[in-house]
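Contents: one structure, followed by commentary.
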Amino acid sequence: MASSTQDIEQEPAAPAAESESGLDSNVAGALSYLFGIVSGLIFFLIEKDDRFVRWHAAQSMAFNGLLIVTYIALTFLGTVVSVASFGSSSGMFLVGSLFSLILGLVWLVVAVGGFAAWVYLMVKTYQGETPRLPVAAGIADKLV
């Protein structure tokens, strides 16, 4: 039995836009998050014309810079509380210990949340989307 349909020539798919690094824009954008500030800075300096890659590299640097500042602040605050409560009375030691425990839990939430955000940013950028983090996106807008 003969088919009544005809084969239709399909146009070849358009190649993805290539960045100056030789990678597709979505791949270069996702890789700018891979090693934090280092890979963000590398792609920010390499890419001159691809705004998509430059913006994601800038957001990567801002996001990881903010995470580092948060880790340093939490560590410093925890150290100050521990030192202050160590030489004090037993009541102050208990309050200091509880406060240090709470700071440790906050640090853990920031670490797990930072990892989840890192994975989310890489996946969405690879898909060609532009996820915007509240503070880091504002900084990236100013850098690009």
Side-chain angles (χ1 to χ4, degrees), residues 5-144:
T5 60
Q6 297 177 356
D7 290 334
I8 299 174
E9 293 277 334
Q10 292 184 353
E11 293 181 26
E18 219 176 72
S19 62
E20 290 180 18
S21 61
L23 301 170
D24 293 341
S25 290
N26 63 332
V27 174
L31 287 176
S32 67
Y33 292 103
L34 187 61
F35 296 115
I37 292 176
V38 174
S39 59
L41 183 62
I42 289 170
F43 279 101
F44 189 78
L45 295 175
I46 289 174
E47 298 298 332
K48 301 295 182 203
D49 298 326
D50 193 339
R51 204 164 153 73
F52 181 81
V53 176
R54 283 183 62 85
W55 189 87
H56 282 288
Q59 180 169 263
S60 171
M61 292 186 299
F63 170 64
N64 287 289
L66 291 170
L67 273 181
I68 291 170
V69 168
T70 303
Y71 292 147
I72 290 171
L74 288 173
T75 302
F76 178 76
L77 188 58
T79 303
V80 168
V81 168
S82 295
V83 168
S85 66
F86 183 69
S88 301
S89 65
S90 62
M92 183 63 179
F93 181 75
L94 180 62
V95 171
S97 297
L98 289 174
F99 191 71
S100 292
L101 176 65
I102 292 170
L103 279 177
L105 292 174
V106 169
W107 194 94
L108 180 65
V109 167
V110 170
V112 171
F115 177 76
W118 174 72
V119 170
Y120 172 78
L121 289 168
M122 285 185 62
V123 169
K124 287 298 185 180
T125 304
Y126 182 73
Q127 293 172 348
E129 298 179 25
T130 305
R132 297 178 59 88
L133 298 177
V135 177
I139 295 170
D141 289 337
K142 291 177 185 173
L143 289 175
V144 175

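Residue numbers run from 1 in the order of the sequence given.
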Q59 to L121 - nearest heavy-atom pair and separation: NE2-CD2, 3.6 Å
M61 vs F43, side chain to side chain contact (heavy atoms under 4.5 Å, CB included): CA-CA, chis, key distance, verdict: CA-CA 10 Å; M61 292 186 299; F43 279 101; over 6 Å; no
Where S25 and V53 come nearest, the two heavy atoms and their spacing: O-CG2, 3.5 Å
Derivation of the side chain to side chain contact (heavy atoms under 4.5 Å, CB included) call for I42 and V38: CA-CA 6 Å; I42 289 170; V38 174; 4.0 Å; yes
Gap separating the CD atom of E129 from the CG atom of N26, nearest 0.5 angstrom: 11.0 Å
Whether over 12 other heavy atoms sit under 6.0 Å from Y71 OH: yes
Minimum heavy-atom distance N64-G36, with the two atoms named: ND2-CA, 3.2 Å
Parallel, tilted or perpendicular: ring planes of H56 versus Y33, cut at 30 and 60 degrees: perpendicular
Heavy-atom closest pair, residues S32 and S60: O-OG, 2.8 Å
Nearest heavy atoms of A136 and L66, plus distance in Å: N-CD1, 4.1 Å
Side-chain touch E47/W55, heavy atoms, less than 4.5 angstrom: no
Residues I139, F63; criterion side chain to side chain contact (heavy atoms under 4.5 Å, CB included); working and verdict: CA-CA 9 Å; I139 295 170; F63 170 64; over 6 Å; no
Straight-line distance of L31 CG to Y126 OH, nearest 0.5 Å: 10.0 Å
Closest heavy-atom pair and its distance - F44, L143: CZ-O, 3.8 Å
Heavy atoms from other residues, nucleotides or ligands near NZ of K48 exceed 12 (cutoff 6.0 Å): yes
Nearest-0.5 Å distance, OG of residue S100 to CG of residue L105: 11.0 Å
Interatomic spacing from CG in D50 to CG in D24 - rounded to 0.5 Å: 10.0 Å
Qualifying residue for side-chain contact (heavy atoms from CB on, under 4.5 Å) with L77, from I72, V106, L103: L103
